Chemist: 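Submitted below is the structure of interest, expressed as structure tokens.
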2 protein chains.
Amino acid sequence: MNQRTYRVRQFAKLAGVTVRTLHHYDHLGLLKPRAHTESGYRLYGDLDLVRLQQIITLKFIGVPLQQIRELIDGQAVDLAGLLRMQRMMLEEQQRNIEQAIQAIRQAENLALAGTEPDSETITKIIEVINMATNNEWVNSYYTQEQLQTLAERATPETIAEGQNAWSQLIADIEQAAANGVDPASKEAQQLIQRQEELIGGFTGGDPGIRENLNKLWSDKGNWPTTFKSPYSQAAEAFLEQARGHGKQG
Amino acid sequence: MNQRTYRVRQFAKLAGVTVRTLHHYDHLGLLKPRAHTESGYRLYGDLDLVRLQQIITLKFIGVPLQQIRELIDGQAVDLAGLLRMQRMMLEEQQRNIEQAIQAIRQAENLALAGTEPDSETITKIIEVINMATNNEWVNSYYTQEQLQTLAERATPETIAEGQNAWSQLIADIEQAAANGVDPASKEAQQLIQRQEELIGGFTGGDPGIRENLNKLWSDKGNWPTTFKSPYSQAAEAFLEQARGHGKQG
DNA sequence: GATACAGGCTAACGTCGCGTAAGGGTCAAG
DNA sequence: CTTGACCCTTACGCGACGTTAGCCTGTATC
């Protein structure tokens, strides 16, 4: 019984792979057809189908073909170790991809604001992605509890709103600095005021979070090279002076 | 100013890439060093570092090197479209990896039970992974609300317990079938009883879920080839007969 | 001045899992 | 006897580098 045989095409369709894949596996010695016709056609049987499905399964969880062969051919392998390794590999990939996706989402948010596809846009986009990428590093400045607090308050909407407000403010500050606005002027002080409000919205009035945010900024010299201040040097100088006047006045 | 230059090794370390990568980018014309010494050594500057970091960033979100070059060199590209495409790609990968991880976790659960690393273990592991892989397909048999109900009741512990109980029961049934136990015997009826209890634990007494589970089994002929019944043919026949006797008696 | 060692260079093949021709044979139907 | 669907082998292509191999440069030490 069980004399049922298939030719490559049929067999491939049956298992959901391409003919080329079967050729490849044959070549590697991973899955040899049960028989050949006189003219050299490959003939696969039901047993081959079982084996192929095992191969597909192991491939699905990321095992390289070489190792699959060793596994199926019954060579002694540390199965538990293999599974753990594969899982850990996949989990790391997962973390990376998750980060990448988050980064892109942030960039997309920003791309909607600046509609012009000029060459500067790209630079900005990349900076935004970098910011998002350095999330882990930024987080290292806060305690577990503080992160918890921040996470609880952050809904998608508040994040989006905050980003819009920030990018607007940053643009305004850059312009003020470029136009040589007097840091002591009412206009400058209003900018400082807006910044304080946004920071307040972020910290939620938590003094510990505020303190660690200050610490992050005072560590500016040690920031990773991929992490950039959103302000130009001119704008930062402007801000510093404006803050000085604010305290005095 | 800004005359600072680095040789490959230093520059590579600075950016966290390998020397070979820099050679590669140079070859592709993606990142040419700012200058060369008389003897041909590559000399990189700070501007190169900026560009390299842009490259790394774009690579991080999955953009191919060719396209990165076009992007950075200011050729007009549909930036929003690019971001959307990358995000969708990554999201699909994310789904696949998530599935693979879940599958491995299930397999690991089972691997702890059978401590012997024999050749049969591998077969079982693969079956378990296949089962997990077909989760989506299985889910298509239930309504949204039912899936919701099932998800709410499933904690990691209950899942693990359930799996242990099932694998135990399946082993017992297989043995009974192999030993030619009379399907009408008390022993057989006890097995049926245990199965009913486990099914009850799964359905949580919900008649709709129970009904759809039955539907799933009666569709047996249309199951995907990767989805296998946990029972051998003999065991299934045994179960059917036993159930028949149970109804009559 | 010789030598050792670290680091640089180019050229070119290896990796992984196939996709994609190129060039030609097999087989049943019209 | 041709057509068209299917099969075969051989071999290069892809993407982003890793890895030799063989040779050159630059600095420190003997």
Side-chain angles (χ1 to χ4, degrees), chain A residues 5-44 48 52 54-72 85-86 89-90 93 96 100, chain B residues 5-45 48 51-72 85-86 89-90 93 96-97 100:
Chain A
T5 62
Y6 312 86
R7 293 193 308 192
V8 265
R9 196 153 189 88
Q10 223 190 335
F11 190 68
K13 201 176 288 178
L14 209 60
V17 301
T18 69
V19 172
R20 176 63 176 106
T21 299
L22 291 176
H23 284 175
H24 190 51
Y25 292 170
D26 188 357
H27 195 70
L28 293 184
L30 183 56
L31 176 65
K32 295 266 184 204
R34 180 175 97 173
H36 289 268
T37 68
E38 286 183 11
S39 50
Y41 286 20
R42 275 168 255 258
L43 292 178
Y44 293 90
D48 295 323
L52 178 53
Q54 293 182 344
I55 294 172
I56 293 174
T57 299
L58 290 172
K59 200 178 58 133
F60 176 72
I61 62 170
V63 183
L65 296 185
Q66 284 295 341
Q67 214 163 359
I68 292 180
R69 199 174 61 162
E70 295 171 12
L71 278 170
I72 302 188
M85 281 198 52
Q86 289 306 129
M89 268 192 43
L90 290 172
Q93 282 187 42
N96 281 335
Chain B
T5 60
Y6 313 85
R7 293 193 308 193
V8 265
R9 196 150 190 86
Q10 225 190 334
F11 190 68
K13 203 177 286 180
L14 210 60
V17 302
T18 69
V19 173
R20 177 62 177 108
T21 299
L22 292 175
H23 283 175
H24 189 50
Y25 292 171
D26 188 358
H27 195 71
L28 292 183
L30 182 57
L31 177 64
K32 295 266 185 204
R34 179 177 100 172
H36 288 268
T37 68
E38 287 184 11
S39 50
Y41 286 20
R42 275 167 253 257
L43 291 177
Y44 293 90
D48 295 323
R51 185 173 169 117
L52 178 54
Q53 269 156 5
Q54 293 183 344
I55 295 172
I56 292 174
T57 299
L58 291 172
K59 200 178 59 132
F60 176 73
I61 63 170
V63 183
L65 296 184
Q66 284 294 340
Q67 216 162 357
I68 291 180
R69 198 173 61 161
E70 295 172 12
L71 278 170
I72 301 187
M85 279 200 53
Q86 290 305 130
M89 268 193 41
L90 290 172
Q93 281 187 42
N96 282 334
I97 291 184

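A note on names: the letters A, B, ... follow the listed sequences, proteins ahead of strands, and every chain is numbered from 1. Computed from a prediction, not measured in an experiment: that's the story for all the values here.
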Chemist: Would you mind classifying the nucleic acid contact of A:T37 as base, sugar-phosphate or nothing, using non-hydrogen atoms under 4.0 angstrom?
Modeler: nothing
Chemist: By nearest heavy atom, map B:T21 and B:E38 onto DNA chain D; which one lands nearer the 5' end?
Modeler: B:T21
Chemist: Please list, chain by chain and in numerical order, all residues satisfying side-chain contact (heavy atoms from CB on, under 4.5 Å) with B:L65, sequence neighbours excluded.
Modeler: B:H24, B:Y25, B:L28, B:L30, B:K59, B:I68
Chemist: How long is the span from the CD1 atom in A:I72 to the CD atom in A:Q67, to the nearest 0.5 Å?
Modeler: 11.5 Å
Chemist: Residues in salt bridge (Lys or Arg N to Asp or Glu O under 4.0 Å) with B:R51, at least two apart?
Modeler: B:D73
Chemist: Give me the atom names and distance for the closest heavy-atom approach of A:L22 to A:L52.
Modeler: CD2-CD2, 3.9 Å
Chemist: Taking ring pair (Phe, Tyr, Trp, His ring centres under 6.0 Å) as the test, write out the residues that go with B:F60, two or more places apart.
Modeler: none
Chemist: Kindly write out the residues that satisfy side-chain contact (heavy atoms from CB on, under 4.5 Å) with A:R9, not counting sequence neighbours, or none if the list is empty.
Modeler: A:V19
Chemist: Just grab all the salt bridge (Lys or Arg N to Asp or Glu O under 4.0 Å) pairs involving residues 19-28 of chain A, residues at least two apart or on different chains.
Modeler: A:D26-A:K32, A:D26-A:R42
Chemist: Tell me, for nucleotides 1-16 of chain D in 5' to 3' order, what letter each nucleotide earns: B for a base near a protein heavy atom under 4.0 Å, S for only sugar-phosphate near one, - for neither?
Modeler: -----BSSB-B----B
Chemist: Can you sort out the partners of B:Q10 under side-chain contact (heavy atoms from CB on, under 4.5 Å), two or more places apart, ordered by chain and number?
Modeler: B:R4, B:Y6
Chemist: Could you check if a side-chain atom of B:L43 sits within less than 4.5 angstrom of a side-chain atom of B:H36, using non-hydrogen atoms only?
Modeler: no
Chemist: Counting just side-chain N and O atoms, does B:T18 come under 4.0 Å of either OP1 or OP2 of D:dG18?
Modeler: yes
Chemist: Looking at five pairs on each end of the helix from C:dG1-D:dC30 to C:dG30-D:dC1, what is the angle between the two axes, given to 10 degrees?
Modeler: 30°
Chemist: Run the side-chain hydrogen bond (donor to acceptor under 3.5 Å, both in side chains) test against B:T21 and tell me which residues pass, sequence neighbours left out.
Modeler: B:T18
Chemist: From the 5' end of DNA chain C to its 3' end, which nucleotides mark the outer limits of contact with chain B, defined by a 4.0 Å heavy-atom distance cut-off (strictly under)?
Modeler: C:dG7 to C:dA12
